[in-house]
**Q** 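There's a structure below that I have some questions on.
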Amino acid sequence: MEKRIQDAAQTIRKTCGDAEIGVILGSGLGEYTQALQNSKVLPYTKIPGFPASTVIGHAGEWHTGLLHGKRVAMMRGRFHYYEGYSLQDVTLPVRVMQALGVKTLIITNAAGGVNTEFSPGDLMVITDCINMTGVSPLFGPNLDAFGPRFPDMSKAFDPELRALALECGVANGVTLREGVYAQMSGPSYETPAEIRMLRVLGADAVGMSTVPEVIVARHGGQRVLGISCITNMAAGILEQPLNHEEVMETGEKAKDAFRALLDSVIAKL
Ligand code: HPA
């Protein structure tokens, strides 16, 4: 595993260079790579060990450039457990970011609103997460060079970064929600009964990504900020079926607010 991480990092370093901040862009949010100046792009197909991204709305490109004078690496497209990859594959890019010097990781996603106060288009600062997949990217031998066998998850989402995001939301007129993100394995959307269960368990939003990335980020000592774009109300809340097109469309509508928020957060990091 360590060689695989170093090989991928070496290839990225040659074309794109190192970075101090990393951003994982969720469904419908990939255009944010345009914010980068002097950016260098590498398709995932050119990075050794990277799986191919198979989901519409996930382009599969690594972008590194400057934003507010900081070196920022952005992943346009991520890997999901439901695509059939191991969680080591899913989280390989986070390990690579650690090898490239990324200390702060901003993880974004599209999510269904479980909290009935939410509306599609809302942005939610993730306060905590629930792993409903039953698996962990840390299964197997511990990578001692990256972190401890039993990493602490009591502040999975950095309190200072959360406060900064809320401040930036106010400054930019972007209304922000806060809440707990639960990851289900997918790829089918949840049943209404599962959504009622998640609500009882304390979830405000549900999605099919993010939790393994946060676990690996925390294992490797990175600070994490998580932002969900609530693209739809979760199953059973409204009298309508769920579909990926709606998720992509709402992501598109929220992109200006998303960009304003991320720009001002990154400026203040
Ligand atoms: N459920 C799971 N994942 C999602 C959803 C949802 O309702 N919306 C966007 N990603």
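In this chain, numbering begins with 1 at the start of the sequence shown. A quick note: this is a predicted structure, and the numbers were derived from the prediction, not measured. Note that ligands are numbered from 1 as they come in the structure, with each ligand's atoms numbered from 1 the same way.
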**Q** Any nitrogen or oxygen of Y189, side chain or backbone, less than 3.5 Å from one on ligand 1?
**A**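 Between Y189 and ligand 1, no N or O pair is found under 3.5 Å apart.
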**Q** With a 6.0 Å cut-off (strictly less than), is the heavy-atom count around CD of Q240, excluding the residue itself, greater than 12?
**A** yes
**Q** Would you mind finding which of I237, T231, N243 brings a heavy atom closest to atom 9 (C) of ligand 1?
**A** T231
**Q** Could you check whether R162 pairs with D158 (Lys NZ or Arg NE/NH1/NH2 to Asp/Glu carboxylate O, under 4.0 Å)?
**A**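 No, this pair does not count.
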**Q** Determine whether more than 12 heavy atoms belonging to other residues, nucleotides or ligands lie under 6.0 Å from atom OH of Y81.
**A** no
**Q** Starting from atom 10 (N) of ligand 1, find the nearest protein heavy-atom neighbour and note its residue, name and distance.
**A**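 Minimum-distance protein heavy atom for atom 10 (N) of ligand 1 reads A110 O, 3.3 Å.
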**Q** Parallel, tilted or perpendicular, judged at 30° and 60°: which one describes the rings of F50 and W62?
**A**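 Aromatic pair F50/W62 classed perpendicular.
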**Q** Inspect the contact between R4 and D89 and indicate whether a charged nitrogen and a carboxylate oxygen are less than 4.0 angstrom apart.
**A**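 R4 and D89: salt-bridged.
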**Q** Considering only heavy atoms, does A111 approach ligand 1 within less than 4.0 Å through its side chain, its backbone, both, or neither?
**A** backbone
**Q** Does NZ belonging to K70 count more than 12 external heavy atoms closer than 6.0 Å?
**A** yes
**Q** Among protein heavy atoms, which sits nearest to atom 3 (N) of ligand 1, and what does the distance come to when rounded to 0.1 Å?
**A** G207 CA, 3.3 Å
**Q** If you measure from each non-hydrogen atom of M184 to ligand 1, which part falls under 4.0 Å: side chain, backbone, both or neither?
**A** neither
**Q** Which option wins on minimum heavy-atom distance to atom 4 (C) of ligand 1: I195, V206, N109?
**A** V206
**Q** Counting heavy atoms only, which of N232, T250, L242 comes nearest to atom 8 (N) of ligand 1?
**A** N232
**Q** Please write down residue, atom name and distance for the protein heavy atom closest to atom 5 (C) of ligand 1.
**A** G112 N, 3.4 Å
**Q** State whether the side chain of T108 and the backbone N or O of I24 hold a donor-acceptor pair below 3.5 Å, judged by distance alone.
**A**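 At least one qualifying donor-acceptor pair exists.
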**Q** Output yes when R13 and D18 qualify as a salt bridge under the 4.0 Å nitrogen-oxygen rule, no when they do not.
**A** yes
**Q** Counting from 1, what ligand 1 atoms have a heavy atom of V247 closer than 4.0 Å?
**A**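 Within the 4.0 Å cut-off of V247, ligand 1 contributes 8 (N), 9 (C).
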**Q** Tell me, which protein residue and heavy-atom name are nearest atom 2 (C) of ligand 1, and how many Å apart are they?
**A** E190 OE2, 3.2 Å
